[in-house]
Amino acid sequence: MSSIPPRYSRITGTGSFLPPDRLSNEALAARLARDGIETSDQWIVERTGIRARHFAAADVTSSDLALPAARHALEAAGRSAAEVDLIIVATSTPDMVFPSTACLLQRKLGVAGCAAFDVQAVCSGFVYALTVADAMIRTGAATCALVVGTEVFSRILDFKDRTTCVLFGDGAGAVVLEASDQPGLLASELHADGRHVEILCTPGTVSGGQVLGDPLLKMDGQAVFKLAVGVLESAARAVLAKAGRSEADIDWLIPHQANIRIMQGTAKKLKLPMDKLVVTVDEHGNTSAASIPLALDVAVRSGRIRRGDTVMLEGVGGGFTWGAVLLDY
Ligand code: UT7
């Protein structure tokens with residue numbers, strides 16, 4: 001009796017892109033001071049670990065940032081865009097109401113025909129998108145997927161609200177995920193709790209040719225903080241149990257890059273030393289769906305994450321959404 005060989009998915013290349021305009025805390029504080037908003041480098045560093053963020057120019061969109069990130073990932077994987085049969089883009093700052101940013105990226109890559117769609121799970125978007133791509137590869141619906149997280153969060157920031165505008169930045173990260181007879185993605189956990197919509201949202205919408213409601217980001221930082229610490233621990237433990245692994249097996253933890261204190265708290269609960277944590281929040285700020293693939297690419301290109309390492313990715317954010325992916329790189 002012949003058996004069907006197992007089919008897994010594996011990351012074969014990573015890429016990222018940051019818009020060139022880097023704004024230090026001091027430069028942002030000086031800009032906000034012109035409008036009478038007080039903040040300081042000291043407050044931002046102490047409360048968040050953020051030292052700088054990148055902002056895209058006014059005419060640069062999420063698909064513009066996604067394109068170089070996708071090209072870098074394809075190059076690293078040794079694939080051409082024509083070989084991709086699935087494009088998933090995670091973003092909460094799409095170029096348009098429709099079509100999807102994935103379709104716009106597909107056109108910019110100069111290819112046509114493959115499936116392309118967006119995933120909207122805010123800061124958990126990349127973990128969601130990777131899980132969907134993995135499932136499609138395992139079932140044979142796709143063979144070579146481009147999975148991208150890209151954001152221009154600067155577009156939805158209220159620069160009169162110092163409690164949020166100092167936290168976020170723009171950028172994009174991408175991976176190529178391919179079918180493999182070796183695992184790859186070991187397990188994933190996705191969750192949402194819509195009862196907490198209001199603690200992190202951008203409630204405005206387009207209606208009748210006008211923006212209806214507030215189109216700028218609102219966050220109850222303390223409520224998000226408390227929820228995030230709890231769910232990042234539970235998702236990590238659940239995904240390890242699913243994969244039959246333990247905390248000791250984790251070589252690298254890449255949590256969503258929102259606040260160094262949340263990341264340190266998660267590492268402590270999992271009894272992971274801080275040098276197993278990939279940290280880019282200091283230089284990128286919170287780039288929402290882009291934060292995890294950006295951090296992954298930085299760690300891969302700097303030689304820290306190597307083939308065979310066990311990596312945990314963890315997302316958490318608006319929705320409320322959260323999730324974890326465990327993988328052998
Ligand atoms: O991406 C999705 C996930 N998002 C997150 O994970 C964000 C989670 N939340 C957080 O990271 C933190 O709650 C914040 C960084 C947003 C805030 O830190 P906090 O330690 O919770 O500060 P707080 O909100 O308790 O504010 C403390 C003080 C307040 O002043 P009073 O009321 O104590 O006088 C704020 O008005 O800090 C003040 N404050 C600021 N001061 C200077 C708030 N923002 C600023 C600012 N500069 N930018």
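Whatever order the structure lists them in is the order used to number ligands and atoms, beginning at 1. Only heavy atoms go into these numbers, but all of them, side chains included; no hydrogens, no water, no symmetry mates.
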Are there protein heavy-atom neighbours of atom 32 (O) of ligand 1 below 4.0 Å? no
Do any non-hydrogen protein atoms sit less than 4.0 Å from atom 13 (O) of ligand 1? yes
Within the 4.0 Å heavy-atom shell around Asn259, which atoms of ligand 1 are there? 10 (C), 11 (O), 12 (C), 15 (C)
Nearest to atom 27 (C) of ligand 1, what protein heavy atom do you find, and at what distance? Arg47 NH1, 3.5 Å
Leu326 side chain near Met312 side chain, heavy-atom distance below 4.5 Å: yes
Is there a donor in the side chain of Glu151 and an acceptor in the side chain of Thr93, or the other way round, less than 3.5 Å apart? yes
Applying ring-ring contact (aromatic ring centres under 6.0 Å, His included) to Phe320 and not counting sequence neighbours gives none
Those atoms of ligand 1 less than 4.0 Å from some heavy atom in Leu200: 2 (C)
Report the C-alpha distance between Leu67 and Leu109 in whole Å, list the side-chain angles of each, state the deciding distance to 0.1 Å, and finish with yes or no for side-chain contact (heavy atoms from CB on, under 4.5 Å). CA-CA 7 Å; Leu67 181 62; Leu109 285 166; 3.6 Å; yes
Here's one to test your reading of the geometry: is the NZ or CZ of Arg307 within 45 degrees of the ring axis of Tyr329 and under 6.0 Å from its centre? yes
In terms of atom number and element, which parts of ligand 1 are under 4.0 angstrom from non-hydrogen atoms of Gln222? 13 (O), 21 (O), 23 (P), 24 (O), 25 (O)
Any chance CZ of Arg22 has more than 12 other-residue heavy atoms, nucleotides or ligands included, within less than 6.0 Å? yes
Ligand 1 to Arg261, heavy atom cutoff 4.0 Å, flagged ligand atoms 18 (O), 19 (P), 20 (O)
Closest approach of any protein heavy atom to atom 47 (N) of ligand 1, naming residue and atom: Thr39 OG1, 2.7 Å
Can you list the ligand 1 atoms lying under 4.0 Å from a non-hydrogen atom of His256? 1 (O), 2 (C)
Within the 4.0 Å heavy-atom cut-off, what Trp43 brings close to ligand 1 is side chain
Does either side chain, that of Ser63 or that of Thr61, offer a donor lying less than 3.5 Å from an acceptor on the other one? yes
Find all atoms of ligand 1 within a distance of less than 4.0 Å from any non-hydrogen atom belonging to Val166, and give their numbers and elements. 48 (N)
Using only heavy-atom distances, determine whether the side chains of Thr310 and Arg245 contain a donor-acceptor pair under 3.5 Å. yes
Neighbour count >12 (heavy atoms, 6.0 Å) for atom CZ, Arg107: no
Nearest protein heavy atom to atom 6 (O) of ligand 1: under 4.0 Å? yes
Flag the pair Glu233 and Lys269 as a salt bridge only when some basic side-chain nitrogen lies within less than 4.0 angstrom of an acidic carboxylate oxygen. yes
The test is side-chain contact (heavy atoms from CB on, under 4.5 Å); show your working for Phe126 and Val175 and say whether it passes. CA-CA 10 Å; Phe126 186 76; Val175 302; 3.9 Å; yes
Give a yes or no on whether the backbone of His191 and the side-chain of Tyr128 come within a donor-acceptor separation of less than 3.5 Å. yes
Residue, atom and distance of the protein heavy atom nearest atom 3 (C) of ligand 1 read Val224 CG1, 3.7 Å
Taking heavy atoms and a distance under 4.0 Å, where does Val122 meet ligand 1: side chain, backbone, both or neither? neither
re atom 9 (N) of ligand 1, the protein heavy-atom contact at minimum distance is Gly221 O, 3.0 Å
Does atom 37 (O) of ligand 1 have a protein heavy-atom neighbour under 4.0 Å away? yes
With heavy atoms of Asn286 as the reference, note each atom of ligand 1 found under 4.0 Å away. 1 (O), 2 (C)
One residue to check: Thr48. Relative to ligand 1, which of side chain, backbone, both or neither has a non-hydrogen atom less than 4.0 Å away? side chain
Decide yes or no on side-chain contact (heavy atoms from CB on, under 4.5 Å) for Met96 and Leu104, but give the supporting numbers first. CA-CA 9 Å; Met96 303 179 185; Leu104 299 171; 4.1 Å; yes
Please report which non-hydrogen protein atom sits nearest to atom 16 (C) of ligand 1, along with the residue it belongs to and the distance in Å to one decimal place. Leu167 CD1, 3.8 Å
Is the shortest distance from atom 45 (C) of ligand 1 to a protein heavy atom below 4.0 Å? yes
Record the part of Ile44 in heavy-atom contact with ligand 1 below 4.0 Å; permitted values are side chain, backbone, both and neither. neither
Can you confirm whether more than 12 heavy atoms, excluding those of Arg51, are under 6.0 Å from its CZ atom? no
for atom 29 (C) of ligand 1, nearest protein heavy atom and its distance come out as Arg162 NH2, 5.0 Å
For atom 18 (O) of ligand 1, is the nearest protein heavy atom closer than 4.0 Å? yes
Under 4.0 Å from any heavy atom of Cys123, which atoms of ligand 1 are there? 1 (O), 2 (C)
